[in-house]
Each structure stands twice: as structure tokens, then as C-alpha cells.
Protein chains: 2
Amino acid sequence: MPVERPRRRIPEATVARLPVYLRILAEQADLEVDRISSDRLAELAGVNAAKVRKDLSYLGSYGTRGVGYEVSFLVYQIRRELGLTHDWPVVIVGAGNLGQALAGYGGFGERGFPVAGVVDVDPSKIGTVLGGVRVRHIDELAQIVQSRRVNIGVVATPPAAAQDAAERLVRAGVTSILNFAPVVLTVPRSVEVRKVDLAVELQILSYHEQRRSDGQLRSVGAAGISRSASA
Amino acid sequence: MPVERPRRRIPEATVARLPVYLRILAEQADLEVDRISSDRLAELAGVNAAKVRKDLSYLGSYGTRGVGYEVSFLVYQIRRELGLTHDWPVVIVGAGNLGQALAGYGGFGERGFPVAGVVDVDPSKIGTVLGGVRVRHIDELAQIVQSRRVNIGVVATPPAAAQDAAERLVRAGVTSILNFAPVVLTVPRSVEVRKVDLAVELQILSYHEQRRSDGQLRSVGAAGISRSASA
DNA sequence: CCGGCTTTGTGAACGCGTGCACGAGTGTCT
DNA sequence: AGACACTCGTGCACGCGTTCACAAAGCCGG
């Protein structure tokens, strides 16, 4: 019997870092680097070396003590673990500003996520071509998902339409959603949702900026003045 | 002397949720809801009620037992804490697909992050207008940052140009960076960086999808077969 | 073949964030 | 006024993730 991998659950935090390691390792492979230490990989990934080793240890004991990891082998293992051994076609809902940019991005297909379709409700957008894909009516969503075996949907609609888009995706059979709309989506527990929210990111940065200027005021000026960073 | 707020450090996890609460509260205010319970807010934000209360407690004791929180007051407090009492102009580096989408997005300025400028290296892009802003040469970056008092920079360049873009931003005086390029940026510790990486998000979803199909194979088929989701 | 050098893999301690559970206020109704 | 229903604020325990530190393991030179 073949060696059945333990297949222990990989912590989410680790899963989120694996793609980063993968990208770096692929780059190193292009540079004809064939071995790499956890130290070096950690440096390139901007994390702690122990973390790298622990992360990689979830995949199995693929390093060699005293030597490091074989780059190409690691690439293979990570790709396998992330399910990147085959393509995952995605469907994009919403052909607005963002949907267009995503479809035209290109980096999508290259990285194993070809755009199987783009749909919208707006008749004026239907038929236009984005990144080699013709925009279709949202009623064709289910048909696209089924014929192209799509598991991943991208919500790139205005906020007000996002929940409906998500529901259509779920009904069509999609089990993972990447949500760009600034809305909390309600979906069955079995559906995996990840969100990318520009406004949230900027506001987090704003928080830190504000804190920074606060601190300056505090140390430079007299204490106790009412807070205002307006200057 | 005015009541100096404790100003204890707010956990990052909480900071990341405050913008979500803020958006929901603003919506509720528009709906003329003037009071809200932690339970209701939790439901709308898709989180636990205890978490909401703990998060809000970092801002101060602004709720009323037996009643809830006054929506408009909470909105004010969160905005203040996040530093959203004034605008934070941002500068976008890279006028490619993504940079254009971001500049044209509109939701930027509305939410307090007006686009102070867009720069690129490509002469063919300079002078074109995106979302009301003319694209300028990257050499003008420092000038823009200084004259418009920009603290936040957005990196929307191809991967190979991202590190250089970041360094230029830092040199120009930017202290927070939102990075869309799939690259780990190296910047002084004093600079805050947040990244938005499409490929990473999709690969995380891929991991879960793969895991899902794996599990199905495992329970449906016989055990111990080598793993391959190629079917 | 041995000793020294390198680097992995992981046990253990620590710290942060989450969620429970409950005391403490607040409003309402009789 | 008193009883009751409601909801906040928070102490506490738990679990996950990070980091340290070191033994185990492999390589190399003499």
C-alpha cells in the first residue's frame, strides 16, 4: 500500500502563507536555485524561519537536515496541497469597473484560474468582450457553472447587488466565493467565502496613521489638549 | 481639563472589524434606526455578540445596559477612532489595468480617501485621465506627496516594479502602503504595509475546494488509493 | 571514520483573540 | 415601589498560532 499521507488539517494561518512560499519558490526555481534553507525562504517571505519550518512540516518531512529543501520538490508539494495540480475555472459576476479589471487582468488564467465566464444584469454590457471573454446575461450563470464545472465565483457587483449575486452563485452550484463588494454575505455554512475589501484596508491604514500623529502630538506638544489631527 | 480618553491599544483583530461595524451602522443610520443592540449588530456583521461588545468596549463604555447603543454616536466614535474625521488623500502608483480601475472606482473619494494623484513610468499613459485625475510621471511623486500631504500610497504596478514603487513612496514620505502587487515588500519598520493579493485568495479557496473533493473521494470510494483530484 | 558544522523538525512556553457566563445597570409594567 | 425583562461590560478559561530552543540528522574535510 502506498504511503498514505497523514492529511492532518493544516492551520488556516499556514494555508494563507503557502501561496506566498509557492510564489517565491517558483521564482527561485526560475533563477535556477535548486536548494533553499528555511532561513532564506523566511527572509524572502518576510517571516520567521521557525514559522517556515513549522508550516512546511505540515506537508510532511520534505527537508534535509544540514542542507535545506529542494526547491522543485517543495513547489510540487505545495501545489498539490493547495489543489493547484489542475485549473479552477472561475466565473465573475459583475462587469463593472472592477469586473472588467479582473477579467482583463490576465494573471488569473496564468495562475490556474481561467475565467470561465463574466455575467452582468446590465443589457448594455452584455456582448462586450473582456479579456477574451464575452459578457453574458446573469441568467446564463447556472449554465456556465455547470457546463464548465465552476466551483469558484467572484462577486464584483455594486454592494446592493452582492447578496443576490452570491445567492445565484450558490444556487448554481458554486462552493467558494471571493467577494469584492463591501457587504457581509450570508451563505450556507458549506460555502467558503473570502472577502477583499478596499475600504476596510484603507481604514485600517487610516487608524494607524491617526495613531501615529496622535502619538506625535502627545510627545511633542503639551499633554491633555483635545485631539485633532487636522493640522 | 477635558476627559482624556484612556487610549489603550486596540487589538489588530478589532481594528479590522471596526470598519465593518462602521459601514453597517452608517447603513442603519440611513434607515433611521437610532438604537441597536450588540446582538443585532453582530447578526448584521456576521460575528458573535460578545465579540461586538468587547470590540466596542475598547472605544469606551458607550452603550446603555438594557437598551443598546445609539447608532449615530457609535458612528461618530468609530470614525474618530479610525481617524476618519478628515480625508486621507492617497496616491496610486501604476496606471495599468488595476490602477485605472482603482482610480475610476469612485468609492475611494466618497469614503474619505480622495485620489491625490496617479503616477506611472510609461510615457504613453501619462496625460490620460482616470476618474478625474490626470496620470503624471512617477518623478512627480515626491512633489505630489508633499504638496497634497499624502500619507497613504497604493502600489498597483506589475510585480517587478513594486519594490521600486514602494521605495519611491517611502522616500517621498508616505508612511502607509496598500500593496496590490504579488510581492513581499521590504520597507522600514516604521512604514505600515497591507497587502491585497488576488492570487493568494484564490489559492486559499482552491485549497478548501481540493480538500472538499478529497474528502468526498475518501468517504465514497475505497480508502488508501493514491490521491488525485484530476477526475 | 570521526569531529565539527549546518539545518531541519518539533516539544514546550507564551501570548493573543474568542466565547461563555454572569454581575451590574436600565427601562417598563403593574 | 417592586418585580421583571433586557442588554451591556468584563473576568475567565480555552484554543490557536507564534516563537524559542534544542535534539536529531545529514554533510564534509582531514
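Lettering of chains follows the sequences in order, A, B, ..., and the numbering in each one begins at 1.
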Length of the line joining [X]:[atom1] and [N]:[atom2], which is rounded to integer Å:
{"X": "B:Tyr58", "N": "D:dT10", "atom1": "OH", "atom2": "P", "result": "10 Å"}
{"X": "A:Lys51", "N": "D:dA21", "atom1": "NZ", "atom2": "P", "result": "17 Å"}
{"X": "B:Ile10", "N": "C:dC16", "atom1": "CD1", "atom2": "P", "result": "16 Å"}
{"X": "A:Arg65", "N": "D:dC28", "atom1": "CZ", "atom2": "C1'", "result": "18 Å"}
{"X": "A:Glu70", "N": "C:dT7", "atom1": "CD", "atom2": "C1'", "result": "16 Å"}
{"X": "B:Asp39", "N": "C:dC20", "atom1": "CG", "atom2": "P", "result": "12 Å"}
{"X": "B:Leu41", "N": "D:dG9", "atom1": "CG", "atom2": "C1'", "result": "15 Å"}
{"X": "A:Ile36", "N": "C:dT6", "atom1": "CD1", "atom2": "C1'", "result": "16 Å"}

- request: Using a 4.0 Å heavy-atom cut-off across all strands, classify A:Arg17 as base, sugar-phosphate, or nothing.
  value: sugar-phosphate

- prompt: Can you tell me how far the CD atom of A:Glu201 sits from the CZ atom of B:Phe180, to the nearest 0.5 Å?
  reply: 8.0 Å

- line: CD of B:Gln28 to OG of B:Ser72, rounded to nearest 0.5 Å, is 12.5 Å

- prompt: Should A:Ser38 be listed as having a side-chain N or O under 4.0 Å from OP1 or OP2 of C:dT8?
  reply: yes

- request: Please state whether the phosphate of C:dG9, meaning OP1 or OP2, lies under 4.0 angstrom from any side-chain nitrogen or oxygen of A:Tyr69.
  value: yes

task: Could you say whether A:Thr64 or A:Asp55 is positioned toward the 5' end of DNA chain D, judged by the nucleotide with the nearest heavy atom to each?
output: A:Asp55

statement: Of A:Gly66 and A:Asn48, the one whose nearest nucleotide on DNA chain D sits closer to the 5' end is A:Asn48

- prompt: Would you find a donor on one side and an acceptor on the other, under 3.5 Å apart, between the side chain of B:Arg23 and the backbone of A:Pro182?
  reply: yes

message: Main chain of A:Thr186, side chain of A:Gln163: is a donor-acceptor contact present, judged purely on distance under 3.5 Å?
response: yes

query: Is a donor-acceptor pair below 3.5 Å formed from side chain B:Lys54 to base C:dG19, judging by atom type as modelled?
result: yes

field: Pair A:Lys51 + A:Asp55: basic N to acidic O under 4.0 Å
entry: no

statement: Regarding the side chain of B:Ser37, the nearest nucleotide among C:dG17, D:dC8, C:dT10 is D:dC8

- request: Looking only at side-chain atoms of B:Glu12, point me to the closest of D:dG17, D:dT10, C:dG17.
  value: C:dG17

